[in-house]
Peer 1: 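Mind having a look at this structure? Questions to follow.
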Amino acid sequence: MSPVELGKALEGLDKYRDERVVLGFKTADDASVFRFNGDLLLLQTLDFFTPVVDDPYLFGQISAANSLSDIYAMGGEPLTALNVVCFPKKLGMDVLNEILKGGMEKAFEAGIVIAGGHTVDDEEPKYGLSVVGVVKKEEMISNGGAKEGDVLILTKPLGSGVLTTALKKGTKSESEISEIIEAMVQLNKDASLIMKRYGATACTDVTGFGFLGHLSEMTRASSLRAVVNSKSVPILDEAIPLCREWKMPGGSFENIEFLRDYVEVEKGIDEGVINALYDAQTSGGLIIAISEGKSKKMVEDLKKAGYNYSSVVGFLEKGSGILVK
Ligand code: CO
Ligand code: CO
Ligand code: CO
């Protein structure tokens, strides 16, 4: 759902407040943050969606990686998760077994346990995780801590929305979009550990609200303005022509509409590139704000850890809104 629709759905619900909630719906952060034991904070997330690839095992991996991402974006350590499953029985339990195996595999890689879940009979399959994690109060990274002059690093390439849509429509095959599948399967775990080590000031992961949408949450929460250098944003080559033809998924159009007055785009930029910046992503990378002096070394470390597309994509300055150059 779009942020506007979501806002309507949540109307009047903020009167049910609890002072133990450190971060909730208000700042559009990735996980709910609950103070429960001194300086230890409990992080809780839930994410699930319909298949973005045909291969059930890959889908399980991608969805689990995506669900874990919200914990990593906050500098947290995931501990346990529950499977959330909607599944049509007629597809066969062997298919569901493959989905769950993919999820388990990622959980194992992340060092967490999946010890249960819930399954609902449904026409269209959906899968994801509800993840519980922890973070020490002084180590938590929200989307609101960025400082004027910080630079912005993006750790994975854009293109998952438009490319998985092409896969669904049959105009691209799974092997033709293997690079974005690899990116969606990749955990944000190591990127999270690296940004913590470098003292990142703010972070968010990039999912359905697109690169510019999630960046707008960071600039709003940090009361700053972002300047994005479109030429340095990593976008998969095969995504750009499709974005030029406006072949993105529906959510991307909602993102464009929602950010209309917030984002200013300089003239002369390839429309395919601009549209990719709004494209609704699945299991995308992290946008990390970090002081400029540390950024070069940090990008090197991210690349060494397997985030080959990592790059500095812009910076933050006084003001509000986003300028794309
Ligand atoms: Co998120
Ligand atoms: Co999420
Ligand atoms: Co149950």
Side-chain angles (χ1 to χ4, degrees), residues 1-3 5-7 9-10 21-34 41-49 52 62-78 81 84 106 110 112 126-135 140-146 152-158 160-161 164 183-193 195-196 200-222 226 249 251-252 254-255 258-259 277-289 307 313:
M1 265 182 277
S2 73
E5 290 165 319
L6 213 52
L10 294 172
V21 176
V22 181
L23 286 172
F25 293 117
K26 269 250 151 68
T27 55
D29 250 296
D30 294 302
S32 85
V33 184
F34 182 80
L41 304 173
L42 188 75
L43 304 172
Q44 222 179 345
T45 74
L46 169 66
D47 251 308
F48 63 108
F49 46 72
V52 287
I62 292 168
S63 193
N66 180 75
S67 301
L68 284 157
S69 174
D70 281 332
I71 303 277
Y72 293 134
M74 306 201 75
E77 180 193 357
V84 182
K106 278 291 136 183
I112 68 156
K126 296 164 195 86
Y127 173 66
L129 299 176
S130 173
V131 188
V132 168
V134 287
V135 66
M140 186 184 77
I141 300 171
S142 74
N143 58 19
L152 298 162
I153 290 172
L154 178 64
T155 64
K156 285 188 193 177
L158 303 179
S160 58
T164 55
M184 290 189 289
V185 160
Q186 189 178 30
L187 289 176
N188 284 327
K189 178 180 184 175
D190 291 338
S192 176
L193 293 172
M195 76 160 171
K196 281 178 85 168
T201 54
C203 179
T204 180
D205 61 341
V206 181
T207 52
F209 203 9
F211 170 75
L212 289 175
H214 289 286
L215 179 58
S216 79
E217 290 172 341
M218 185 185 281
T219 50
R220 281 194 174 103
S222 303
S252 311
E254 287 174 17
N255 296 342
F258 185 74
L259 295 164
L277 300 179
Y278 290 101
D279 189 29
Q281 302 294 288
T282 298
S283 192
L286 302 178
I287 302 173
I288 301 166
Y307 303 95
V313 297

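In what follows, residues are counted from 1 in the order of the sequence shown. This one's a predicted model, so the numbers in the text were calculated from it and none came from an experiment. Indexing begins at 1, ligand by ligand and atom by atom, following the structure's order. All heavy atoms count here, side chains included; hydrogens, waters and symmetry mates do not.
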Peer 1: Is it the case that atom CZ in Phe48 sees more than 12 heavy atoms from other parts of the structure closer than 6.0 Å?
Peer 2: no
Peer 1: According to ring-ring contact (aromatic ring centres under 6.0 Å, His included), who are the partners of Phe258, at least two apart in sequence or on a separate chain?
Peer 2: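 With neighbours one apart ignored, the set is Phe209.
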Peer 1: Does Asp47 bring an N, O or S atom to within less than 2.8 Å of the Co ion (ligand 1)?
Peer 2: no
Peer 1: If you look at every heavy atom in Ser142 and Gly145, which pair is closest and at what distance?
Peer 2: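 Nearest pair, atom of Ser142 first, then Gly145: OG-N, 4.0 Å.
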Peer 1: Among residues at least two apart in sequence or on other chains, which ones pass side-chain hydrogen bond (donor to acceptor under 3.5 Å, both in side chains) with Tyr307?
Peer 2: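 Scan of Tyr307 (side-chain hydrogen bond (donor to acceptor under 3.5 Å, both in side chains), adjacent residues dropped) gives none.
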Peer 1: Which atom, among the N/O/S set of Asp205, is closest to the Co ion (ligand 1)?
Peer 2: OD1
Peer 1: Considering only N, O or S atoms, which atom of Asp70 is nearest to the Co ion (ligand 1)?
Peer 2: OD1
